[in-house]
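Working notes for the structure below.
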Amino acid sequence: MLITHDTRCALDAVVDLVNTAPEDDTADGLATIAALHDFVRKHDISDIGTLSELDLSAVRKIRGRFAGIFAASDSRAAATLINELVAAAGTTPRLTDHDGYDWHVHYFAPGASVADHLAADGGMALAFFVVAGEQERLRRCEAPDCRRAFVDLSRNRSRRYCDSRTCGNRLHVAAYRARRKEAAG
């Protein structure tokens, strides 16, 4: 599956956004306007004005809708959620070549809020996976103590953990130790 630079950036933003949601023992990664500003800067989200509490609330709502797409049981359910998300954002596709990037498509309307920007570009990036029959690549980490979202871009669709160096390694080490203990015991 060919993923363009701007689609990859939108996917990264969606995954990071979903992963800011508070979990059992983690705080909300978007608890303040400053955290939202850091998120916008980290993902180089363009055409964003001054951020407010209203923006923060709207982005948290969009975050929940994106989480629902990752939890969708099948492509029809994912498509329904994506269609609702993109329609509510008032999608207005247009070609642009800003900030040193070659021509690419923005799906948000000029002057759109940060939430609409994320919903439009992120929703369209996820839509490409559904259209390509690749919705199963939108996953949650299989480590028992982690439910972080990720997009499996491996060639054979075999990625199971959000990060093989942390979650994957931790589980492999635990399994190794259990086997050693059983063999010694």
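We count residues from 1, following the sequence as given. Atom set for the values below is all heavy atoms of this structure, side chains included, hydrogens, waters and symmetry mates excluded.
- Phe39 and Phe66 end up in the same hydrophobic cluster when Ile, Leu, Val, Met, Phe, Trp and Tyr side chains are linked at under 4.5 Å.
- Taking the side chain as every heavy atom from C-beta outward, Phe129 and Ile3 approach each other to under 4.5 Å.
- Of the possible donor and acceptor atoms, one in the side chain of Thr91 sits under 3.5 Å from a partner among the backbone N and O of Val86.
- Counting heavy atoms from C-beta outward, Arg140 and Val18 have side chains that approach closer than 4.5 Å.
- A donor-acceptor pair under 3.5 Å is formed between the side chain of Arg60 and the backbone N or O of Ala31.
- Contact check on Asp28 versus Arg63 returns a salt bridge, with a Lys/Arg side-chain nitrogen under 4.0 Å from an Asp/Glu carboxylate oxygen.
- For residues 111-129, there are no salt bridge (Lys or Arg N to Asp or Glu O under 4.0 Å) pairs, not counting sequence neighbours.
- No donor-acceptor pair closer than 3.5 Å links the side chain of Ser57 to the backbone N or O of Leu54.
- Not a single donor-acceptor pair under 3.5 Å links the side chain of Arg147 to the backbone N or O of Ala149.
- Heavy atoms from other residues, nucleotides or ligands lying under 6.0 Å from CZ of Arg155 number 12 at most.
- A donor-acceptor pair is defined here as one N or O able to donate and one able to accept, closer than 3.5 Å; such a pair exists between the side chain of Asp55 and the backbone of Ser52.
- With a 4.5 Å cut-off on side-chain heavy atoms, Thr92 and Tyr107 do not count as touching.
- Linking Ile, Leu, Val, Met, Phe, Trp and Tyr residues whenever their side-chain heavy atoms come within less than 4.5 Å places Val151 and Leu81 in a single cluster.
- Nearest heavy atoms, Tyr161 versus Cys167: CB-CB, 4.1 Å.
- Arg137 places a side-chain N or O within 3.5 Å of a backbone atom of Ser154 that can act as its donor or acceptor partner.
- Looking at Leu56 and Leu51, their side chains never come closer than 4.5 Å, going by heavy atoms from C-beta outward.
- Atom-to-atom distance recorded for Leu36:CG and Glu53:CD is 9.5 Å, nearest 0.5 angstrom.
- Between the NE2 atom in His117 and the CD1 atom in Ile45 there is a gap of 5.5 Å [rounded to 0.5 Å].
- Cluster annotation: Val14 is connected to Leu118 through the hydrophobic network of ILVMFWY side chains, with a link wherever side-chain heavy atoms come within less than 4.5 Å.
- Smallest separation of non-hydrogen atoms from Ala109 and Gly90: CB-O, 4.2 Å.
- Nearest heavy-atom pair across Cys141 and Cys162 is SG-N, 3.4 Å.
- Between the CZ atom in Arg159 and the CZ atom in Arg139 there is a gap of 9.5 Å [rounded to 0.5 Å].
- The OG atom of Ser75 sits 11.5 Å away from the CD atom of Glu134 when rounded to the nearest 0.5 Å.
- Under a hydrophobic-cluster definition in which Ile, Leu, Val, Met, Phe, Trp and Tyr are linked whenever side-chain heavy atoms come within less than 4.5 Å, directly or via other members, Leu126 and Phe150 are assigned to different clusters.
- Residues Ile82 and Gly123 approach most closely at CG2-O, 3.4 Å, considering heavy atoms.
- In terms of modelled atom types and a separation under 3.5 Å, the side chain of Arg94 and the main chain of His106 share no donor-acceptor contact.
- A salt bridge does not link Arg157 to Asp152: none of the charged nitrogens lies less than 4.0 Å from a carboxylate oxygen.
- Taking CD from Gln135 and CZ from Phe70, the interatomic distance works out to 10.0 Å, rounded to the nearest 0.5 Å.
- For the residue pair His43/Asp12, the side-chain donor-acceptor check at 3.5 Å is not satisfied.
- Transitive grouping of hydrophobic side chains (ILVMFWY, heavy atoms separated by less than 4.5 Å) keeps Leu85 and Val131 in distinct clusters.
- Here the NE2 atom belonging to His37 is positioned 9.5 Å from the OG1 atom belonging to Thr50, to the nearest 0.5 angstrom.
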**Asked** Checking side-chain contact (heavy atoms from CB on, under 4.5 Å) for the pair Leu17/Leu30: CA distance, chi angles, key distance, verdict?
**Response** CA-CA 9 Å; Leu17 180 61; Leu30 286 179; 3.4 Å; yes

